[in-house]
Every structure is written in structure tokens, then in C-alpha cells.
Amino acid sequence: MRLSESATIAFGLLCAATASVHPRRHYETRNYFVVQLDESASPDEIAQHLGASHEGQVGELTQHHTFSIPKENSADLNTLLEHVRVRRTSRRAGEGHDITLDKRDRSLEGILWSQMLAPKKRLVKRAPPTNVVARAPMKEEDPVAAQTQKRIATSLGITDPIFGGQWHLYNTVQVGHDLNVSGVWLEGVTGKGVITAIVDDGLDMYSNDLKPNYFAEGSYDFNDKNPEPKPRLGDDRHGTRCAGEIGAARNDVCGVGVAYDSQIAGIRILSAPIDDADEAAAINYGFQRNDIYSCSWGPPDDGATMEAPGILIKRAMVNGIQNGRGGKGSIFVFAAGNGAGYDDNCNFDGYTNSIYSITVGAIDREGKHPSYSESCSAQLVVAYSSGSSDAIHTTDVGTDKCYSLHGGTSAAGPLAAGTIALALSARPELTWRDAQYLMIETAVPVHEDDGSWQVTKMGKKFSHDWGYGKVDAYSLVQLAKTWELVKPQAWLHSPWLRVKHEIPQGNQGLASSYEVTGDMLRQANMEKLEHVTVTMNVNHTRRGDISVELRSPDGIVSHLSTARRSDNEKAGYDDWTFMTVAHWGESGVGKWTVIVKDTKVNDHAGEFIDWRLNLWGLSIDGSSQPLHPMPDQHDDDHSIEDAIVATTSIHLGPTKTEAPPIPTDVIDRPVNAKPTAQPTSSSEAETSDLPTSTKPGATESPSTTSSSDSFLPSFFPTFGASKRTQAWIYAAISSIIVFCIGLGVYFHVQRRRRLRNDPRDDYDFEMIEDEDETQAMNGRSGRKRRRGGELYNAFAGESDEEPLFSDEEDEPYRDHTLSEDRERQKNTSGDHSH
Ligand SMILES: *[C@@H]1O[C@H](CO)[C@@H](O)[C@H](O)[C@H]1NC(C)=O
Ligand SMILES: *[C@@H]1O[C@H](CO)[C@@H](O)[C@H](O)[C@H]1NC(C)=O
């Protein structure tokens, strides 16, 4: 029955004929497009002139409207819209010649922008498949902790049957490995008055565990155009499980949510293809009542996708943070992604790397880094989830069904969202940026000696693997109570910086710098930094070969992108914006350097074309600070001719003119000895520009002896004198073979042992360099590198101990199937108390 029901809905044959403000789409017979109008234009008039039907405003985006037209009439309409577009463009460019328009056309001048819509199935849930094997025997409870847990439950009146198993709320086995939330509840802060919308595949509002806290007004089903976002497909369970983590009621069903007196709304978007207009409407749905939007999904985490939301969705996000919640801003929480086993990195995902979202990775009940959880410079915090033979215990679809195997970063995000709900119930006036500050200020660093941490300018520790650390509800809520609200957001966008230079391969990097002065920042009304984004254009014949780092004037390094073994895309980065939170608290004054690397010596080559630096931060004078304009399709318009020529240098490379880089590289690589042997002359001008330390406060040694500074291991010996190159020219062929074998063995080993991507590349290499003791002369911190090696080893054993959520799956980013789910239900029914 359920199956046939699912099938019916999947094929879109069952029409919920419910009247709604979001009419059903009929893509089979009609074309849809969205139009931005100027204030004076009337949508109905425009519709009439276009011969189209007005389908309504795009959610909460004023001046944005959806129109539709029968497919057969589309050609004419496209021509017309193109006409309007050309006219606008030529006017913008100040070109005098006027394209003559007839009367109808003139009335269409109110069209500022238009775009065709198409349903897209591309957002995937972030629960890894849970191929259930026997659960490892649970370790002994700590008797004192078990007593305390009982006492807490008694004094709060928690009688929920699976509360004892909700280790993420109170861990009686690995004491201290939980959200540290019980102290908050005991103070009476339980989320009252706060509403979190779970944007997902539905929410079972008839579950007895969710019903008491269900907020219907903030809920909507965008897949079936129905006011009730009920799970309808067999695998529509993800959203309900996420909802339970946040707002499961304190009653006699299953467990409790982090904020068990808060309310939860469901916004269903993941159960069918959805177009950008509906997605934009979804993330602003009910945004004066819904405070937090918990999003455990995104583009596929397959290590080969690089995808950002379309401009309409970006506008909706900005609309959310500027106008939602009475102007305090919607709080978007996104799961970091489960593709770490595939070298994926959350900076290749335009949702998680948005400055408007709080990106949450995972940590397991033993405090380990789960092998699926992606790293990136945009990751703000981690929260508990599956790994080390257990997962998150929460509510499931069904009147009183529970679930004990919820996992992936999908399960981590909602716990952070629930914690923010607690903070908001203590301090409703917190803005979206206050929420980010509070997360940073109160996150607890873990494994501080694992080599992944940098001490930032504000004295906090940041790691690409853990963000600022794990979420601690108690300290978050305490700080929220007395937190002084931050002044509005200021920004500084650099001009486009032209590089136009081929990227050297191998043990080198192409660096480009831009100097930010105190005057520029004062003019931008910026006191200090929060987020930093870099928009860049690189063209390349294999995207997975490239990696990028950003070095701040304070010496903090952000790995903006990392190489990905599965990313064979014959493309580079096309106006892609990377984000980092590692520079939070810096002044921004001084030289910012972007270094593009292509460590793979092969036929795939490319060119670093241009980039721009965007600093976002706290304003000096809040009262004069305007809101940032909405994202526009012209934001990235740039002409190379107008761009400022950026300072460029090839790190450790030969100068361009000396030799064609690829062959000399290959020749020199296997035979090149210690960096000490390197003459410094060939690269002094370039390398002396580079900051050479990853440690804050360390000097940017301009010493040319540091031309041996390698970001890469001595396994790839430093490339130096081109004269030596000549000497080895006849060794080319054998060298290539040796190198390729070495590279192959190296990556094979690395791939087998490595559990996550990114800084790994760097750190793994460093370990080897450490053995060679090359870092003695290295401006960078040798200590950090050595510790990197330890981290590597520390995690090497982890995968063996993780039978529950193996990363050997073919499709780790996909949610499990219905049959797996049923199987699991059978297997785990013993966990259910009903
Ligand atoms: C956890 O909460 C308790 C209060 O219940 C607090 O004393 C303690 O400092 C918190 N732990 C951390 C790591 O902040
Ligand atoms: C890279 O850009 C240059 C010119 O800007 C162009 O000639 C070349 O074909 C481009 N390569 C790729 C792979 O797009």
C-alpha cells in the first residue's frame, strides 16, 4: 500500500488539489520563468504583454514573480525576453543607440532580470547509508554518570523511554562527549518560543513525539504543493528524524529533542525535483515566524561535484538574513557533507560555503572524527553524530516510532540548530551574525595536538577538520544571555585582480597578492573581519588537480580548495566563491596572498586567470552602515582590461622564460636533493614575497634561503636551478618512470590510509618532510608538521573500528533505500520501546 502510494506520488499522478499560494507546476505542458520587476511594474500587466500566466510572487522575494506559458509559445517569448535583456545590457554599458521598441516592448522595460526555470533533482540528504551489522557491544556505563543522568531526568520530569540511550544529550559511557545541555534545561531554558523549520523530505506531524511541538503555520510541502509536509514516500524519514533531534517533546514517546519545548516546522523539498523559484520560496517560508532553517542536504558529496545555488536562491538567502525574523535574520544551519572519503570538501558546495550559513561537521561519541565528515575552511563547528559503532537516537516516522541509527553530518546539523534554538529562547534578539559569533566563542576545541589547529588572531583555535570545535550548549547559552549584539555587517570587495599566468605543476605554487590598507578598511567602515571570500577564475583541463590556499597578513592559512581524486571535470573554477571563517577577528590590513597549486605532474594544465578578495566584517559605525545589495548576475562581470594586475609569483618555480615548466619539473623531481642544495637566485624575487608561516605572529621571513620553503614534501624534491635541469635532460625518461611509480605508490598508500581530504594533502606530505628534516630551515612551523603526522596515524585505525558506518559504500552520500530501511527496522525493532 505504501509502496504503491509512493509510486503514485513519485510519478506525480496524485494531485493534492489543495488551494495554495504555490500553484502546482505542469512542466509537461508549460514552460516556467521567473522575472524580477522594477517597483512600478505590475505583474499582471507584464503577464498580459507577455501572453503568459502570472503564477505568483517567488516566496518572500518581493519584485520576483513566476510566469508560465504553454510550451508551444515559448520561442516567441524567449525572443522577446532576450530583446529586453539586450536592451538593458546596452543601456547599462552606456551605449547610446536605442533599439526601437514598440508600445508593448516599452511596457516590458519594467523587467530587470529574467530566467527560465527547470525542475532539478540534485539535492541529496546527508545521511550515509547505514548498512547495519551487529552493533559492537556497548562499553560499560560510568556508574556515577548513570546516577546523575537519572537524577537529571527525574528533576526535569523526563520519562521518555529512550532518553537513556540519547548519549548526545547525556553520555554515561564516554563521559563529557555530549552537547552539555542538561545544565541549560535545569536552568529552565528548553527552547520555548523558538521555531526551527526542518527543510527536508517532510516531517511526521502525527508522530506523538512531534505532534505537541509541531508548528503548522511555518510548514509547507513544496513537492506536493500541500500545506501539510507529511512524509509520503517510503524513504521520507530523514526530515522526521532530524526534527526529533531538535524538538521531540518531553513525553512518554521515544526521547527528547535538544530544545524539547521549542517548536518545529516541516518544509518538504527533497522528495521530488524542485525548481529554483520553489527552493527560494522554501528557504524563506514563514520567515517572520520560523527562526532557524535546519538543512541537512546539498549537492552530491561525490568528490566530483562543484555546485552552488542559483542566483534566485542566493537572493532568498540574503533576503532571509536581511529581512527574516523582523530583520534580525533567519539562521541557516547546513550539514557540512559526507564526502570526506571521496576527498570532498565543503568549499565545493555553495550552500555550506555561504557566509549566511552555519556549517556543521560531525564528531562521534568517542570524540573521533567520522570518516565521512568533510573538512573545509568554511566549517564553523562540529556536533555529535554517528561513528564508533553508534549513532543518534531520535524519533522516526510513525505514531510512536523511534530510530537509533540516524547519522552522517545530517544528524550533526540539527543538534547545532537545536542548540541555537536554546540560545534564542534565552536571547531572542540575537542576529544571524551573533549566532555565528556565539558558536565561535563557545565551541570547544578537540584533539588540540592533532596538528590541524591554528591559533587565530582573536585567540581562538581553528581547524579545517573541526571548525572552531564542538558545540557546547551550556556555554553557548550562558554567553548568549549577556552577549552584546554586534554592529551591522560591513564589507570590502577588491577589484578584479588579473593574474593570467599558467599554473606550474608539481612542487610549486602560483602566488598572487593584494595589499589591503588601513585606509581602505576605514573607507569601507570595517573594524575587523568575520568571513573572507575569494572569487576566482582558473581554467584547467582537470579540476581535481588544483588546490588553493589563502594566506592572511596575520599568517593564518586557509585551504580554500583541495585536490580531489574523482574530480575529472574538464574545467577549472568559473567565478567560484570560496569561503573561510579562519580569519575571524583579524584586522585585514596587509598583504593577502592566494596560492594556486597543481601538484599532479601530467598533461592536465591550466591557467590562473583572476580573482577578487572580499572581506566581510564588523562595521566601525553601525548607524551609517547600509545593507549589502542583493546578489546580482552582474556581480562577477569583469573585464580583464580593467582589472588591476596583481602581484604574482611562482613559488619555488623557475622563471617562466627559463624552461618549459612541465618537462623540467619531471626531470628534476626525482633527482633533486635537499633544498639546502638549491641556489636561491632563480626564485628570489618571487618567493620573497610570500609569507612563510602558518603560525600567527610568526615573521614573514623574506629570507631567500627560504626559497626552499616547500608546501610539499621532499618526496617531491624542491625544484631549483634550471642549470641542473640541463644536466639531467638525458635522464628524463627514466626519471619520469621513477617519479610515476613513486607517485603511484605514494597516493595509493595515502588513499588507503587517509580518511579525510584537505589539509591531509599538506600534512601527510609534511610528515615525510619531517623525516627528511628539511623543515629545520623552513619558515613554517616544523612542530605543526610533525603533529600532522601524528594526526594521520591517530586516525589510521579508526576505519577498522567502524563497522556501522563504513565508508566503503558505493554511494555514501545517498540516503539508504526503502528495503534497507525495512530490513533495519526488523533488525533494530528491539530498540523501539513500543
Ligand atoms: C558543561 O556544563 C556545566 C554546567 O552544567 C559547566 O559547568 C561546564 O563548564 C560545561 N562544560 C564545558 C566544557 O563548558
Ligand atoms: C584558458 O584560457 C586561455 C586564454 O585565456 C585559453 O586560450 C585556453 O584555451 C583556456 N583553456 C581552457 C582549458 O579553457
Side-chain angles (χ1 to χ4, degrees), residues 141-158 160 163-164 166-192 245-246 250 255-262 358 360-369 379-385 388 392 412 415-427 430 434-450 452-453 455-456 458-463 465-483:
E141 269 193 332
D142 178 288
V144 178
Q147 274 308 103
T148 312
Q149 187 194 41
K150 286 204 180 66
R151 221 178 46 235
I152 290 168
T154 307
S155 60
L156 293 168
I158 295 176
D160 297 62
F163 178 66
Q166 291 189 300
W167 59 269
H168 61 281
L169 299 173
Y170 197 93
N171 194 335
T172 57
V173 179
Q174 295 88 3
V175 179
H177 281 296
D178 55 39
L179 282 170
N180 202 22
V181 70
S182 49
V184 180
W185 296 339
L186 290 166
E187 289 182 354
V189 177
T190 51
K192 274 192 203 74
E245 292 182 85
I246 300 167
R250 186 189 50 150
V256 296
V258 179
Y260 55 75
D261 286 326
S262 70
I358 290 176
V360 184
I363 179 171
D364 74 21
R365 67 174 295 162
E366 293 184 354
K368 291 181 184 163
H369 196 293
Q379 176 170 232
L380 204 67
V381 290
V382 293
Y384 286 99
S385 188
S388 293
I392 300 298
L415 294 183
T419 307
I420 295 168
L422 294 173
L424 283 183
S425 77
R427 273 300 288 286
L430 297 171
D434 289 308
Q436 298 202 17
Y437 271 93
L438 287 167
M439 297 301 262
I440 291 174
E441 290 285 353
T442 62
V444 180
V446 292
H447 299 289
E448 291 175 61
D449 57 355
D450 70 5
S452 72
W453 298 88
V455 180
T456 70
M458 70 190 291
K460 292 281 162 193
K461 290 186 172 177
F462 175 80
S463 155
D465 299 337
W466 309 99
Y468 281 90
K470 62 168 184 167
V471 174
D472 184 283
Y474 187 80
S475 33
L476 183 83
V477 172
Q478 296 318 308
L479 189 61
K481 287 180 188 166
T482 58
W483 179 253

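Everything numeric here is computed off the predicted structure, so don't read it as measured data. First listed ligand is number 1; within each ligand, the first listed atom is number 1.
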Query raised in the report: Aromatic ring centroids of His177 and Trp167 under 6.0 Å?
Result: no
Requested in this report: Measure from atom 9 (O) of ligand 1 to the protein's non-hydrogen atoms and state whether any distance is below 4.0 Å.
Outcome: no
Query raised in the report: Is there side-chain contact between Leu186 and Leu156, with heavy atoms separated by less than 4.5 Å?
Result: yes
Requested in this report: Using a strict cut-off of 4.0 Å, indicate which atoms of ligand 1 neighbour a heavy atom of Asn180.
Outcome: 1 (C), 2 (O), 3 (C), 8 (C), 10 (C), 11 (N), 12 (C), 14 (O)
Report task. Look at atom 13 (C) of ligand 1 and say which protein heavy atom is nearest, naming residue and atom and giving the distance to 0.1 Å. Result -> Asp472 OD2, 3.4 Å
Query - Per-atom contacts of ligand 1 with Tyr474, taking only distances under 4.0 Å to non-hydrogen atoms - result: 1 (C), 2 (O), 3 (C), 4 (C), 5 (O), 6 (C)
Requested in this report: Please determine, by modelled atom types, if Ser463 and Ser452 share a side-chain donor-acceptor pair under 3.5 angstrom.
Outcome: yes
Query raised in the report: Side chains of Thr172 and Glu141: is there a donor and an acceptor less than 3.5 Å apart?
Result: yes
Query - For Asn171, the option from Arg365, Glu366, Gln166 that meets side-chain hydrogen bond (donor to acceptor under 3.5 Å, both in side chains) - result: Arg365
Query raised in the report: Can you list the atoms of ligand 1 that are under 4.0 Å from a heavy atom of Gly183?
Result: 5 (O)
